[in-house]
Visitor: 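Before we start, here is the structure in question, set down as structure tokens.
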Amino acid sequence: MLENGSEDYLSGLNPPQEEGVVNTEGPTMIIAGAGSGKTRVLTLRMAHLIRAKNVDPFSILALTFTNKAASEMRKRVESVVGTDARNLWMGTFHSVFSRILRAEASKLGYPSNFTIYDTDDSKSLIKTIVKEYGLDDKLYKPNVVYNRISSAKNRLVSWREYINNPIFKEDDASNMKPEMGKIYKTYVERCFKADAMDFDDLLFNTNVLFRDHLDVLNKYQQRFQYLLIDEFQDTNVSQYLIAKKLAAVRRNICVVGDDAQSIYAFRGADIQNILNYEKDYPELRVIKLEQNYRSSQNIVNAANSVIRNNKGQLEKSVWTANNQGELIDLIKATSDNEEGRLVASSIFEAKVNNQLKNSDFAILYRTNSQSRAMEEALRRANLKYKIIGGLSFYQRKEIKDIISYIRFVINPNDEQAMRRIINLPKRGIGPGSIEKIIVAANEHNISVWEVLQKAGGYLTGRVATVLDQFATLIKSFQLSVEKRDAFEAASLIAKNSGLLKELYEDKTVEGLSRYENVQELLNAIKEFTDDEGREDKSLGAFLQEVALLTDADNQNSDDTDFITLMTVHSAKGLEFKNVFIVGLEEDLFPSQMMLNSRADLEEERRLFYVAITRAENKLSLSYALNRYRFGRLKTCEPSRFLEEIDNSFLNIPRRTSMKSGSDSPSQSYYAKNFVNNMKSQTNRRFVKHTSHSPSKNFVPSDTADLEVGMKVEHPKFGFGKVIEIDRDGTNQKAKVDFENNVGEKTLLLSFAKLKIH
DNA sequence: GACTCCGATCTTTTT
DNA sequence: GATCGGAGTC
């Protein structure tokens, strides 16, 4: 396979696949049905360019949708062509163009160390602006405003164009939000002043860069002779225009996509891109990959029977030569918790009967919040699992705090970072003082950082002294960043800022885990600096890397045998032997927010299609008749999508809690069953657990049962024995000796989840 | 300014 | 269930 000049990587490809690999010149569109080997074609196409056409990997640019997809693809190219693959330009639109923007930042009036605002930063900035203007925050909700601005940027509508556009004006006025344009303008100005770009700016500003600086555009047009875009159906207009500009000279642009799997319209993805593409490149070569190699016939046919309900698709018929396979299981549960138990027991059974591993299973759901019930059931069944996505590591408070320190040290104009850390740990600087600082900065037309450095000149008394100390601290950090590598500098910041100490002194279970998380972050930074191949080991370089990272590609190589839990969105591009799609209830999947238009509903249906086509051998669908939503119990109807699946592919419902053979149990049966189910829930001996305001927590009567010598189980530390109980004072504590080399821990009872055995 | 309690509000998906 | 902001208290 690695022999020079050998082309045996072409063997085993079907005709359209081979066509996609070897026809490397000119514009190409590959319409690739689910499971049709599109990643294989894409990687071999790159390999073919390097190997057979002697193209320098450095001049190939491949744009993917996620970081994970990029690194996966790089690995696969490497397995064919060897280390040459390392020189490929490969990554998400956001990561590739943020790199280019850093190199060319000065042309746009930005420093090259500009900060990237994540969604939280953007929303909180919007919130501040709305407040500063004295606007009604019920009307101008950060979410709504953010989405409006975001979609404008994704269509390359600048604030100036937005304000001058009568259609937007009318639209906003009729929505009672006439000030939208003003907020957009101020938001952009504040980002610029903070030397910050949000996610959309990375694309918007790249367009501006290429529009206003033809020399720069020319440089990259020369460099990137071959352009490949994966998941083309999920690109937005802004992304497409960047690609179009880059490919304008050589026209070697290959896009791969599947309109049936377009699931990101909510984020500005525009299916129109496919039509524009055909218009922009009349000489286009279109290749269709229609044979599915992944799934059994039942699964492929069921997926087709679902997607058939959508109107207006590209012509394509996905088929498979695989065998018929098992029928699709339908699991009907009375509650979300029971759904979890049924899924868990089904997995357990299948593992035993078919000699399968945990990693052969995936549980897919529509919303992250559904993971909870599944998680608990799997834990009880002793099945190892891993949740992908959800609240990512980098979104945890303690991590964001440290990162904000780093951000502020690197870029002291970063307003959002400043707001976060200026009173952390508590320095006695409240909202009042922060406002004063901002006002002073605006009055003298200088940056906030300049005010902080000369606090005595603008503020008085104790606050001035404290701010002075703060500025000195930051300056000392700045010095150490210059002199040390990322790990040393970050350790110093964690320590000298006082954050580490504060967490260390918090002996609650939560504090402990926060402390561990910070250590984990430091480990990640250590890994970063220990990487031999990396030339820039500064903290700034680490920050750039981390800003666009999601925890989807947090690979822990040592332990890989787990059941995967994730949303359908994050499952795109993956495959599993056995797949469970859970929570197939009306208003949940399809989501109630997507029932307003046909287009929305069709996107949900495509999402369902994506979920189904992840499965290779066995698919199980489940729904619950009662579910906790918004902390309230709600009765649910089965999803309309279930009815769209042709019955001939389905197994008659068999996994229900019913003991009797009756196939239409009365509602009261479920109600009764559900009450029992709930009872067993409350009998659990877990202490209620919330993240803050501990006084709000109650200690349920059963922790009063806790006695010295009892065997207990903790979700994180495992089994242990109570050796001491302190019931005096307000903070009741128990000292527990844990097995598995964790040792003795003192747990605050109001926090600890302890199960008595 | 810090801390506590209480009620209101929201949860679709992600770079 | 979790977070945020307001109100009241120290």
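In what follows, chains carry the letters A, B, and so on, assigned in the order in which the sequence lines appear, proteins first and then strands, with residues in each chain numbered from 1. Note that these values count all heavy atoms, side chains included, but never hydrogens, waters or copies made by symmetry.
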Visitor: If I take atom CZ from residue A:F542 and atom CG from residue A:L521, how far apart are they, to the nearest 0.5 angstrom?
Guide: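 Rounded to the nearest 0.5 Å, the CZ-CG separation comes to 5.5 Å.
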
Visitor: Need one value for A:D118: base, sugar-phosphate or nothing, where a base atom within 4.0 Å counts as base even if backbone is also close, heavy atoms only.
Guide: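 No contact.
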
Visitor: Quick check on B:dT14: is either OP1 or OP2 less than 4.0 Å from any side-chain nitrogen or oxygen of A:N67?
Guide: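 Looking at the OP1 and OP2 atoms of B:dT14, neither is under 4.0 Å from any side-chain N or O of A:N67.
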
Visitor: According to a strict under-4.0 Å criterion, is A:R372 in side-chain N/O contact with OP1 or OP2 of C:dA2?
Guide: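 Answer is yes, contact under 4.0 Å.
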
Visitor: Do we see A:F65 stacking on the base of B:dT15, given a limit of 5.5 Å between centres and 30° between planes?
Guide: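 The base of B:dT15 is not stacked with A:F65 (the test needs centres under 5.5 Å and planes under 30°).
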
Visitor: Is A:N154 near enough to B:dT15 that one of its side-chain N or O atoms lies under 4.0 angstrom from OP1 or OP2?
Guide: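 For A:N154, the contact criterion (side-chain N or O under 4.0 Å from OP1 or OP2 of B:dT15) is not met.
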
Visitor: If I take atom NZ in residue A:K123 and atom P in nucleotide B:dC10, what distance separates them, rounded to the nearest angstrom?
Guide: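 Atom NZ in A:K123 sits about 13 Å away from atom P in B:dC10.
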
Visitor: Taking the six-membered ring for Trp, are A:Y140 and A:Y133 ring centroids under 6.0 Å apart?
Guide: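 No, the ring of A:Y140 stays outside the 6.0 Å limit from the ring of A:Y133, centre to centre.
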
Visitor: Considering every strand and a 4.0 Å limit on heavy-atom distances, what is the contact class for A:F93: base, sugar-phosphate, or nothing?
Guide: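 Nothing, no nucleic acid heavy atom in range.
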
Visitor: Salt bridge between A:E72 and A:K68, side-chain N to carboxylate O under 4.0 Å?
Guide: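 Here A:E72 does not pair with A:K68 in a salt bridge, since their nearest N and O are not under 4.0 Å apart.
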
Visitor: Measure the CD1-CZ distance between A:I438 and A:R419 for me, rounded to the nearest 0.5 Å.
Guide: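 The CD1 atom of A:I438 sits 4.0 Å away from the CZ atom of A:R419.
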
Visitor: Within the structure, does a side-chain N or O atom of A:K141 lie under 4.0 Å from either OP1 or OP2 of B:dC10?
Guide: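 For A:K141, the contact criterion (side-chain N or O under 4.0 Å from OP1 or OP2 of B:dC10) is met.
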
Visitor: Whether A:D587 and A:R629 form a salt bridge (side-chain N of Lys/Arg under 4.0 Å from carboxylate O of Asp/Glu) is what I want to check.
Guide: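 Salt bridge flag = no for A:D587 with A:R629.
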
Visitor: Scan A:D200 against the nucleic acid and name what it touches under 4.0 Å (heavy atoms): base, sugar-phosphate only, or nothing.
Guide: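 No contact.
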
Visitor: Is any side-chain nitrogen or oxygen of A:K572 closer than 4.0 Å to OP1 or OP2 of B:dT14?
Guide: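 No, because none of the side-chain N or O atoms of A:K572 sits under 4.0 Å from OP1 or OP2 of B:dT14.
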
Visitor: Using only side-chain N and O atoms of A:T567, determine if any of them is under 4.0 Å from OP1 or OP2 of B:dT14.
Guide: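 Indeed, a polar side-chain atom of A:T567 lies that close.
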
Visitor: Is any side-chain N or O of A:N368 closer than 4.0 Å to OP1 or OP2 of B:dT14?
Guide: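 True: A:N368 side-chain N/O within range (under 4.0 Å) of B:dT14 OP1/OP2.
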
Visitor: So does A:T119 reach the base of B:dT15 with its side chain, donor to acceptor, closer than 3.5 Å?
Guide: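 Yes.
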
Visitor: Is the phosphate of B:dT14 approached by A:S570 (side-chain N or O, under 4.0 Å from OP1 or OP2)?
Guide: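 Result: yes.
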
